[in-house]
Structure formats: C-alpha cells, structure tokens
Amino acid sequence: MPSLFSSKTQRSPLLLAWLTALWLGTLCNWPLWKALLALPETGSPRGLLFMLAFAGIITGVLASILSLAAWRRVIKPVAALLLISAAAGAHFMGTYGVVIDDTMIVNVLQTDARETRDLLSLRMLVTLVLLAGLPAVYLWRTSLASLGFGRQLLRNLVGVLLGLALAVALLMACFADMASTMRNHKSLRYLINPLNSYYALGQVAFKKSSKPRGPPQIVAADAMLAARPDGRKPPLLLLVVGETARAMNFSLNGYARATNPELAKLDVLSFRDVTSCGTSTAASLPCMFSHLGREQYGNSKDVHQENLLDALQRAGLAVLWLDNQSGCKGICERVPNAMAHIAASGAPTLPEALCNGPECLDGALLHGLDQRLEALPAERRAKGVVLVLHQMGSHGPAYYKRSPADLKPFQPECKTNVLQQCDPQQLVNAYDNSIVYADHVLAQAIAWLQQKTSGFDPTLLYLSDHGESLGENNLYLHGMPYAFAPREQTHIPMVLWLPGTGSAIDRGCMRAKIEQPLSHDHLFHSVLGLLGVQASIYKADRDFFAGCKQGQ
Ligand SMILES: [Zn+2]
C-alpha cells in the first residue's frame with residue numbers, strides 16, 4: 001500500500017505545497033504558540049480552540065501562496081526556501097524573544113560576519129535540522145508527477161481558493177477573539193512565521209529612502225493677534241483632548257445612564273454630531289492639530305509641517321502641552337510641554353490617590369495648574385494662554401483603571417483586559433465609570449477656570465481623539481481602518497464651557513449650533529478664531545465660532 005512516506009510513488013506538486021504549508025503553519029510557529037499559551041486569553045477551552053483556528057488560518061494563507069508555486073520544477077526550491085527562513089525565524093524568536101519586523105530585518109541585513117558567527121550556535125543547528133532539514137529530505141526524496149500545464153494550472157487555482165476559503169472561514173469563526181487578542185498584544189503579529197520575515201523584508205525594500213527630517217514646513221508664518229477691544233481680558237483656553245470617549249455614552253447627548261452628573265449642572269454646550277479625523281491616537285492627534293483637515297491630511301502624511309500650537313505660539317500666546325498619556329505624537333515638540341506625573345515646580349507632590357508611579361488618573365492634570373500657568377513667560381501670558389490637557393480618558397482595554405475607587409457608580413465592573421471574556425454589561429459599566437470620572441475632571445477644570453475670570457477671559461473646549469467599540473458587531477477597542485470604522489469609533493463628544501459674562505463668544509449663538517455636523521477639521525480654524533489670531537491660512541467656514549463673536 002503506497003504511503004505518504006514512500007519515496008517511490010509520484011506525488012502531485014500541490015500535495016507537497018499543502019504539506020509544507022501545514023508544517024510551517026503548525027510546527028514552525030512554536031514561538032507564537034508559546035507566546036499565546038502564556039496569555040490569560042488562552043487559559044480556557046475556548047482559548048485552545050482559538051489557537052487551533054489560528055494555526056488553521058496561517059496554514060490556509062501559506063497553502064494559498066504555495067499553491068501558486070505548485071509546479072513540478074518550482075515547488076521544491078520555493079518550499080525549501082520557506083522552510084529554511086521559517087526555521088531560522090523560529091530559532092531567533094524562540095531563543096532571543098525577539099519579534100521580526102522591519103527594524104529587525106534592517107538589523108539582520110546590516111549584521112557583519114563576526115556578529116553572525118556570534119549568533120550561530122548548536123541550538124540553531126538543531127532547530128534548522130528539525131524544522132527545515134527533516135521536511136527538506138522528504139521533499140527531495142519525493143518524485144513529482146507531471147500533469148500537463150492546463151490540468152496543473154486548474155488544480156493550483158483550486159488550491160489557492162481552498163487555502164483562502166479555509167483562512168477566511170476560520171477567521172470569521174473566531175473573529176472576536178482574534179480582533180481582541182491582536183489588539184491587546186500587538187506584537188503577536190510579528191511572530192507569525194515565516195510571513196513576518198517576508199512582510200518586513202517587503203517593507204524595507206519598498207520604504208522610501210528616509211530623508212533626514214529638517215525643520216518642519218512653516219504654517220501660518222503671518223500669524224498675529226488682532227488688537228483686543230478695550231476692556232476685554234486676555235483669553236485663557238483650556239483645550240482638553242479626551243481619549244477614547246464616545247459621544248453616545250455621554251448623558252449630555254441623550255445616553256440613558258447619568259454619566260455626566262457634574263457637567264449637567266454647569267450649563268455647558270454639548271455638540272451632538274462631531275466626527276474624529278482618525279480611529280487611533282496616532283492618526284487623530286496630528287490630524288486634528290493640522291490646518292489641513294482629514295482628507296488633505298490623509299494625502300500628505302509624509303509632509304513634516306507645523307501645527308496649531310506653532311501658529312498660536314508665533315502669534316505671541318503662551319502655550320503649554322500637559323500630558324497624562326504616552327506623549328503628544330510630535331505635536332508639542334516646539335512648545336513648552338510637561339508630563340502630568342511630574343509635579344510642577346513649587347507645587348505640592350502628587351497625592352498617592354492620583355498617581356501610582358508614572359501612571360496617573362486625569363485629576364493629576366489639574367494638580368499644580370496655578371504653578372504651571374505662572375511659570376509661562378509673563379509677556380506672553382499678558383496676551384493670552386492656551387493650556388492643552390491630554391487625558392488618559394477611557395483608554396482601554398483596562399477601563400476599570402480609569403476611574404478612582406470612590407467614583408464608580410456602575411457596578412459590577414469588568415476587571416480584566418481580556419474584553420471578550422467579560423460580561424458585556426460589566427464591560428459597559430467599567431467604560432461608563434471612566435466617562436463619569438472624565439465628567440468629574442472636566443467639572444473641576446471649569447471650577448479652576450472660574451477662579452481665573454478676574455485676569456482672563458476663560459473658555460474650556462473638550463473633545464475626544466476618537467471613539468471606541470465595546471463589543472458591537474464583535475468589535476472591541478478602536479483603530480479600524482477609517483473606511484470600515486463603525487460610528488462608535490468616530491463619533492466623538494465635544495463640550496464647550498463659556499463664563500456667564502464677559503466672554504468674547506455669544507453663548508446663545510453657539511447653542512444654536514449644537515446639532516450642526518462638525519469634525520476635527522474645524523479645530524485649527526476655530527481655535528484661531530476664538531483667540532483672535534489672524535493668519536492668511538485661516539478659513540472662516542471651518543471656524544465653528546464664526547458669527548458668534550461678541551461685537552461682530
Ligand atoms: Zn486615542
């Protein structure tokens with residue numbers, strides 16, 4: 001009886017392609033399985049099923065690719081190349097705990113002979129023999145049948161389609177687990193062997209030769225402050241950049257739960273129809289501070305340009321970026337900036353209730369704000385001040401960490417970052433508690449601004465960077481490509497507070513605009529308009545304060 005391991009029978013090149021794919025998709029990915037097994041997500045039968053499906057998806061994709069090469073004279077060298085690269089990749093990932101991305105490939109390509117010798121080891125030899133040598137021997141001993149061009153082409157196309165169908169079917173079956181696991185553990189994607197190596201190689205090969213980044217292109221070179229009318233105090237804008245807050249969970253916007261108990265008492269204006277520029281912090285932040293707007297910004301990402309903060313500073317205003325997150329994504333490079341977990345000089349130390357090491361609740365942004373304000377240059381302060389507070393907000397997946405123990409009205413809370421294992425209601429509870437805390441911080445910020453009315457004309461403008469999926473359609477977190485992003489990820493809250501008297505802006509006029517469709521595209525021009533900064537780049541049709549300035 002002819003067996004799979006007999007070297008006498010002639011095999012189809014397509015069978016060889018699929019066997020190679022199976023070997024690569026399962027055994028050669030042991031560093032991925034090891035990493036997955038170490039996660040809390042896989043500690044259940046469902047987790048193990050997910051891993052099996054994951055192996056099936058990788059095998060399907062590889063089988064599809066290898067089916068293209070399933071020709072009598074082609075399949076053996078192609079399969080051997082993939083086996084050797086996969087075995088080498090598995091060795092380095094498994095031994096050194098590295099992942100293979102474009103930076104790693106650049107490192108490998110720049111490695112010299114001495115470094116290479118240092119990396120070679122007996123262990124590497126064993127891995128290469130087991131993962132590449134054994135199947136390569138089988139490959140070489142197998143004789144291949146010739147089917148004729150037409151029949152082989154037909155079979156190979158069926159092989160390509162079957163591989164894709166397998167991958168897509170399994171992906172659909174485990175989509176919730178896959179989406180959430182890959183979002184929570186982004187580096188896993190760089191363990192998918194050997195696709196990671198070839199993907200990174202492609203990235204390196206096609207990447208434009210990166211030119212040294214000189215100074216940014218100047219934006220609003222002619223920015224200057226309009227003369228302030230007699231009696232009008234200098235403006236003080238608190239621009240609060242929220243994180244992962246979605247408009248539909250604000251009771252100010254009609255949400256059934258009381259998530260805005262404090263702002264509801266403060267006569268703020270909540271804009272109902274505001275859209276973000278991106279679905280992630282890295283995409284939204286640079287875009288919302290740019291004068292370009294989403295469409296134009298998307299087409300000119302490589303342009304190194306100044307932003308709103310540069311324009312404000314050039315006009316003579318005092319600007320400070322205060323961060324309680326992972327940084328400002330380059331926006332605050334040329335203006336004064338500080339991290340919230342490092343107390344302002346002259347301010348009391350941050351209380352333990354607010355900060356656990358560098359990880360702080362957003363209340364830390366307001367701690368010592370007087371001292372931070374006073375530290376800004378006096379001549380600029382006299383013209384006006386812009387303080388940007390970049391919140392931690394509702395940053396997931398650990399929503400329960402975004403509110404203090406004494407401000408968690410919605411119980412019980414989901415207390416894990418493995419969102420798909422959470423009870424859906426508990427997940428929403430944890431998220432809504434983070435919104436209640438954001439509401440509290442904004443109310444405190446307004447209380448601070450109210451103390452400043454003797455010297456300034458204060459305004460608070462809060463808007464989030466993007467929204468969030470909380471399990472709707474099996475989607476969690478954010479970062480979906482914009483074209484496919486659900487509304488939950490792009491519909492953001494925007495809240496405006498103006499003092500009762502003395503504001504440069506007519507409140508009633510702004511109230512009439514709360515249902516108007518607005519977006520991050522309006523931020524640059526609206527802030528220029530609000531603060532009386534004149535520049536030729538300013539567009540009145542993107543200024544939501546236009547027509548609402550007192551005395552206009
Ligand atoms: Zn964000």
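Atoms within each ligand, like the ligands themselves, are counted from 1 in listed order.
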*Between Y399 and Y431, does the ring centroid distance fall short of 6.0 Å?*
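Yes, ring centres under 6.0 Å apart.
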
*Mind checking whether L32 and L36 have side chains closer than 4.5 Å, heavy atoms only?*
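Yes - at least one pair of side-chain heavy atoms lies under 4.5 Å apart.
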
*With sequence neighbours left out, write down each residue that passes side-chain hydrogen bond (donor to acceptor under 3.5 Å, both in side chains) with D457, or none if nothing qualifies.*
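Counting only residues at least two positions away or on another chain, D457 forms no side-chain hydrogen bond (donor to acceptor under 3.5 Å, both in side chains).
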
*Considering residues at least two apart in sequence or located in another chain, which fulfil the side-chain hydrogen bond (donor to acceptor under 3.5 Å, both in side chains) criterion with T349?*
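For T349, no residue satisfies side-chain hydrogen bond (donor to acceptor under 3.5 Å, both in side chains) once neighbours in sequence are set aside.
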
*asked:* Does atom OH (Y199) have a neighbourhood of more than 12 heavy atoms from anything else shown, all under 6.0 Å?
replied: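 Not more than 12 within 6.0 Å, no.
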
*Spell out the protein N/O/S atoms under 2.8 Å from the Zn ion (ligand 1) as residue plus atom name.*
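E243 OE1, E243 OE2, T281 OG1, D465 OD2, H466 NE2, with waters left out.
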
Taking distance alone, no hydrogens or angles, what donor-acceptor pairs closer than 3.5 Å link side-chain atoms of residues 235-245 to residues at least two apart or in another chain?
| unit_1 | atom_1 | unit_2 | atom_2 | d |
| --- | --- | --- | --- | --- |
| E243 | OE1 | T281 | OG1 | 3.1 |
| E243 | OE1 | Q325 | NE2 | 2.6 |
| E243 | OE2 | T281 | OG1 | 3.4 |
| E243 | OE2 | H466 | NE2 | 3.1 |

